[in-house]
Structure formats: structure tokens, C-alpha cells
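Residue numbers start at 1 and run along the sequence shown. This structure is a prediction, so every number in the text was calculated from the model and none was measured.
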Amino acid sequence: MEAPTIGGVRIPRGEGRKVRLPRGASLTDFAERIDASPADLVTVMFKLGEMVNATQSVDDDTLALLGTELDYDVEIVSPEDEDRELLEQFDLDFGEDEGPASELRSRPPVVTVMGHVDHGKTKLLDAIRQADTAEGEAGGITQHIGAYQIHAEVDGEDRAITFIDTPGHEAFTAMRARGAQVTDIAILVVAADDGVKPQTVEALNHAQAADVPIVVAVNKVDKEGADPNRVRTQLTEYGLVAEDFGGDVLFVDVSAKAGTGIEELLEAVVLTADGALDLEANPDQDAQGVAIEAHLDRGRGPVATVLVQRGTLRQGESIVAGDAHGRVRAMLDEHGDTVEEALPSRPVQVLGLTSVPGAGDTFLVVKEDRIARQIAQSRQARERNAMLAKARPRRTLEDMMEQAKRGDVAELKLILKGDVSGSVEALEDALLKLDVGEDVELRVVDRGVGAITETNVMLASASDAVIIGFNVRPQGKVSELADREGVDMRFYSVIYSAIDDIEAALKGMRKPEFEEVQLGSAEIREVFRSSKFGNIAGCIVRDGMVKRNAKARLVRDGVVVADNLTVESLKRFKDDATEVREGYECGIGLGSFNDIKVEDIIETFEVQEKEQV
């Protein structure tokens, strides 16, 4: 049959034939599947009002539109199917097949702690593992996912329990949902004096959607006004009926601050695991699991916290995690001690990857470095094409004419950089969900982990984007480059401050009463120890000036180590100084803060009232 003419171009008609294409495929990919010329497909798209070149990654709707015009049934292959097909090429399988039942062994339960912000989740984990993680969190709110394994004695038997600590703020919905996906049991923390809150219900919905048993920890029972029974009654409305009320959900009254009820809570977790779940895994197969968190560490390179779900992970094995790969150079537990092997349900930090995997990426052990590299490169290419298709909005001829008539649509482009991948992903997810009306658009053009680099600034300059830094700072002379290029960089240490600012900016209502004015920065060249004054930083002022009593922050390798510091003492040789300017040496004391090292940067600033225009 003669090929039909479409827009003056002869292209074979599909007659309903199915064409499978990956996300972000180009017209060239489509043309190869149907034995046509890419140039002809470009012409057809132009006739349909779409300006697309042959090698450009296009979105799913564009591919479907072209398929309909040519009478092809276009099927976009899901990421899961793409991954499955990719692994099948190397005779690998990431699934539930754990071999014969005779090889299965019991494994510890994996527990996620969920609940409303400020209901005491982190304090509860502190009480469980006798460690204080809240001190390192901005605003006392958990910013990152962490994983820990503890041991509890239940009925005279030593039982291991793995805890995944998910962030409490609603902006981290994506991370919390992922926590539920790798979880066996969820502990829902509800404050006895506050009761059920919207985020409590949100966390409950995630746990129920993941179909995991729930143990309720009624916290703060020692506070005035606490009413544990009210919590039990409120949760009954959401299908959680306490055993006291004739249901099957274990409720435990605890006080994280006083440390009471902790043993009973751990016992309830073990009883729930034994009664409702059959937790077994095969420790003899190649390891598979999930990357809970990952970040770029100075000196150690990419560091990933992984949870082994089946098999045993050992040092020296080749692994691929998402689009990262490498050989396990070392494994560390939550205390920083070296681990030779990690059994099922064991969380460990893995060193040796070539790049930073994403939070929630699956990992598996492969036999050779070559195979790991090929899988990682295929995944990188696939993700890059999908991101290009997602980032490039469809521009029809009609759109362009309409846009010319009414003027440019207000569009805010962002580049996101953070200290860990989970935070960047959660921030992007929260920003893209902002409802700011139809006349304003938000687009994330790039995201990444680590300090802000010259490449980020040049991309921001080329695309008119704003750089958002979450717990990171610019590298070297990047600030000067940003000033020259006119690139706006904003820095945050609490995620919802960034969300509030961006939302206000999008709505055109951002009217800050105060602003941060940079004074200067100093590089630490020497650290002097003093029993009387603590550690004194011997510095040279790199730019601007340093003032006594000015606000300061400490930056190490582009990442903010400490914020809200004060220059409490400033000396030139042995004399006190009010200020020290660029190019001069000085001694800086940061009060009781002593965690300073050579090559750290002390940035000083003032908070001034901004004039209302």
C-alpha cells in the first residue's frame, strides 16, 4: 500500500500498530521505530503547530499527538518497565524472588516514625538510641532522613529494630511517603496535649496507603493538660481503634523527655512484627535494597545511607544505585564504626560510589564493575532525556502568537542546590505544588547536591534563573561571578522558609522588612587553642571587612556548618579591633563555638531594615 501524504510528506501509516517509546524520546527515536525519515516527522509536527527538531527530547503528549496523526498506538514505557528491561539485558532481577523457603531467615522490622511537626518524633528517637540529633537541626526540625539500628530486650531475648527517621514538616511529603514504602511498621507519634493535627492525618494516610501496621506512641503524657484518652478517641475516627477500646492497634503512653514508656513501645513494635508480619529474607543472595539518603562529603566523596532489604552486602562488591555506581570501599554503621557485611534490614553508610544517588533509588550488587557502569550510564541517559522533555515546555505556533499579543508570561526559573539529595527532591516537590494562579509559572531548570559552582551560575545567567542554596554556599570566586553576571542567589537552612519566600515572590507579595547585608569573609589560616577563650581563628580577610559583634556563619567546603554565630572578639595582633578590612590578618573568636578548622570560611553580615519603596 502506498504511504499516505501528510502535509505533503509521505509517511507509512500505522493502522493501529503499537510503538513503544521511552520517556523523553526524540522524533529520531520515533522515526527509527516506524522506518521513516526524522525530517519528515519534523515537517508533520510543524503542520500540527508544534515546533520540534529531530533530536530534541519531547514530552509524552507530543509523542501521543504524533502517534494519533499517523495512526500509531504510542505506548510510553514506564521507568519501572525500562529498568526491568535494562536489568534483563544483564540477566539481573530486582524483585521479590528470594529463593526457596528453606533459605529464608527472620530479619528485624524496619520502623518509620511519623507524625505532626513538634510532636516529639526526634526526641522519641533520642530517647530510644540515647543520642541527640535535634541539636544539629535548624529550628529543631529534622531536615534529613537517617537510619539507625537499635537492640531491645523483649521477653528475655535480644531483638534488633531498624528505625528510619523521616522529616516532620509537610514539605517533606515525598520523603515521608518513600519512608513508608520501605517500612514494615509505622510508629505514629501524637502529642497527648495537642491531639490529632492535619500532618498526623497525612502521615496516617501514607502509612495506610503503604499497607503497614501502625503502633501509636502517645507522647508528652507528663505535660499539663495531657489527655491520652482524647487521642485514642480522635484516632478512632480514622480507623485506628485501640486495644483498650476493643480494637487491634497498640497504643503506648510515652514521655520522650522523661524517658518513660520507651521499653513498652519497643515491645509493642516487636509484638506487632511477630503477630501481623512474617519478616523473612534470604541472606545468601546478592544484596538488594534502597538508598535512604546520600550526600557529597569532603574527603570521602559520595556517601550513601542504604537499607539492605534482601541478601548480604559486603565490602569490595560492585553495586549500582540509581544512576550511580561503584565498588563498596567501606561500610559504616550509625556510630561511624566499620562494618564488614550488612544483613537484611541493616542500614549502613556506603563509601566508594562515583556519584551521589537519589534518595529512594534502588541498589543492587552486580558481578563486575563493567556491568555496574553500563547500567548506571543507561539510567543517566534515560533520566537526562526525561528531564529535558519535562523542562522544555511545549511551544505551539498558536501559543507563540498569543504570547506575543499579551506579552511574556511571568515565569520564575530556579536552580536548586542542597547538601543532600533528599532535601533537594523534597524542596522541588513542594515548590512545584505551589498554587500561584495561571498567570505565573514556576520551572526548575536544574538541581544538584553540593556547593554552588560556576557552572550553576552560568546556567542561571543563560536561563535567567534564581539559585536557591539549601545548607550550601558558593565555591571560591563564584559569588563574584554571580555579581558580574547579575545572578540572584538565595540561601536557606530551613526548607519551609525557602518555600514561603518563593510563594510570596510568585504572588508578588514579598515585602521583607529586613534584609541580610554581607560585610565580608575571612579565611582561617591557623587555629590557636586557648584554655581561657576557647579556639581562636587566625584569619586573613578575603573581601569586605569583618566587624566585632557582627553576625557570622561558618562555611566548610561550600556547606554551611554553623549559622547564627557572632564575632565576639576581634584582634589585630594583641590589640582589640572594631573592624578589620580586606587583605589584613586578624584573630576571630566565635564565643563558645569551637568547631573551626583551617581553610574554613567565616562570613559576616548584618541584618538591616530594608527601605520600603
Side-chain angles (χ1 to χ4, degrees), residues 94-96 98 104-115 121-122 124-125 128-129 133 142 144-152 154 158-167 172 174-189 203-204 206-217 250 252 262 265-283 285 287-294 304-313 321 331-335 339 341-350 359-364 422:
F94 189 94
E96 300 298 325
E98 301 198 32
L104 299 181
R105 302 289 182 270
S106 63
R107 63 172 179 83
V110 180
V111 180
T112 297
V113 180
M114 296 172 142
K121 299 182 298 298
T122 303
L124 181 61
L125 278 167
I128 290 172
R129 63 181 184 265
T133 61
T142 308
H144 307 145
I145 290 180
Y148 317 85
Q149 190 168 85
I150 61 102
H151 290 264
V154 179
D158 182 62
R159 299 291 295 269
I161 305 173
T162 296
F163 282 89
I164 295 179
D165 178 14
T166 53
F172 283 22
M175 295 167 75
R176 184 188 292 135
R178 182 179 300 113
Q181 288 168 11
V182 299
T183 298
D184 300 316
I185 297 172
I187 294 180
L188 184 65
V189 180
L204 175 58
H206 283 306
Q208 290 177 332
D211 195 25
V212 297
I214 297 171
V215 174
V216 181
L250 293 177
V252 183
I262 304 301
L265 178 63
L266 296 178
E267 185 178 355
V269 168
V270 172
L271 290 175
T272 302
D274 292 345
L277 302 168
D278 184 19
L279 300 178
E280 293 183 324
N282 182 358
Q285 67 180 130
Q288 299 179 356
V290 175
I292 300 294
E293 189 45 82
T305 302
V306 302
L307 176 70
V308 180
Q309 293 179 304
R310 57 187 62 86
T312 301
L313 183 62
M331 289 191 296
L332 307 173
D333 64 12
E334 58 270 20
H335 307 296
V339 179
E341 61 179 26
L343 295 168
S345 296
R346 186 76 170 97
V348 288
Q349 281 193 331
V350 171
D361 282 347
T362 56
F363 84 84
L364 71 161

- Message: Surrounding CG of Asp158 (heavy atoms of other residues, nucleotides or ligands, distance under 6.0 Å), is the total greater than 12?
- Response: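 Enclosed: over 12 neighbouring heavy atoms sit under 6.0 Å from CG of Asp158.
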What are the two closest non-hydrogen atoms of [X] and [Y], and how far apart are they?
X      : Y      : value
Val252 : Ala268 : CG2-CB, 3.8 Å
Leu307 : Pro347 : CD1-N, 4.0 Å
Met114 : Ala186 : SD-CB, 4.3 Å
Ala160 : His151 : CB-CE1, 3.8 Å
Leu188 : Ala203 : CD1-CB, 4.1 Å

Any side-chain heavy atom of [X] within less than 4.5 Å of one from [Y]?
X      : Y      : result
Val269 : Val154 : no
Ile161 : Leu266 : yes
Leu125 : Val113 : yes
Leu277 : Pro213 : yes
Gln149 : Pro108 : yes
Val189 : Lys121 : yes
Ile164 : Ile292 : yes
Ile185 : Ile214 : no

- Query: Testing Asp333, Leu332, Val339 for side-chain contact (heavy atoms from CB on, under 4.5 Å) with His335, which one passes?
  - Reply: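 Exactly one option meets the side-chain contact (heavy atoms from CB on, under 4.5 Å) with His335, and it is Asp333.
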- Message: Run the side chain to side chain contact (heavy atoms under 4.5 Å, CB included) test on Gln288 and Val308 for me, step by step, so that the C-alpha distance in whole Å, both residues' side-chain angles and the decisive distance to 0.1 Å come before the verdict.
- Response: CA-CA 6 Å; Gln288 299 179 356; Val308 180; over 6 Å; no
- Task: Please report the C-alpha distance between Leu313 and Val350 in whole Å, then the side-chain angles of each, then the deciding distance to 0.1 Å, and finally whether the side chain to side chain contact (heavy atoms under 4.5 Å, CB included) criterion is met.
- Result: CA-CA 10 Å; Leu313 183 62; Val350 171; 4.0 Å; yes
Is [X] reaching over with its side chain to a backbone N or O of [Y], donor-acceptor style, under 3.5 angstrom?
X      : Y      : result
Gln349 : Val306 : no
Glu334 : Ala147 : no
Thr312 : Pro283 : yes
Thr162 : Val110 : no
Glu293 : Gly422 : yes

- Message: As a quick check of understanding, evaluate side chain to side chain contact (heavy atoms under 4.5 Å, CB included) for Val290 and Phe363, giving each step before the final call.
- Response: CA-CA 6 Å; Val290 175; Phe363 84 84; 5.7 Å; no
- Task: Could you walk me through whether Arg107 and Asp184 pass the salt bridge (Lys or Arg N to Asp or Glu O under 4.0 Å) test, one step at a time?
- Result: CA-CA 11 Å; Arg107 63 172 179 83; Asp184 300 316; 2.8 Å; yes
- Query: In Å and rounded to the nearest 0.5 Å, what is the CG to CG distance from Leu250 to Leu271?
  - Reply: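 Rounded to the nearest 0.5 Å, the CG-CG separation comes to 6.5 Å.
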- To the nearest 0.5 Å, what is the distance between CG (Leu279) and CG (Leu104)?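 These two atoms lie 11.5 Å from each other.
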- Step-by-step side chain to side chain contact (heavy atoms under 4.5 Å, CB included) determination, Val111 to Thr183: CA-CA 6 Å; Val111 180; Thr183 298; 5.6 Å; no
- Decide, yes or no, whether a salt bridge links Arg159 with Asp274 under the criterion of side-chain N to carboxylate O below 4.0 Å.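 Yes, charged N to carboxylate O under 4.0 Å.
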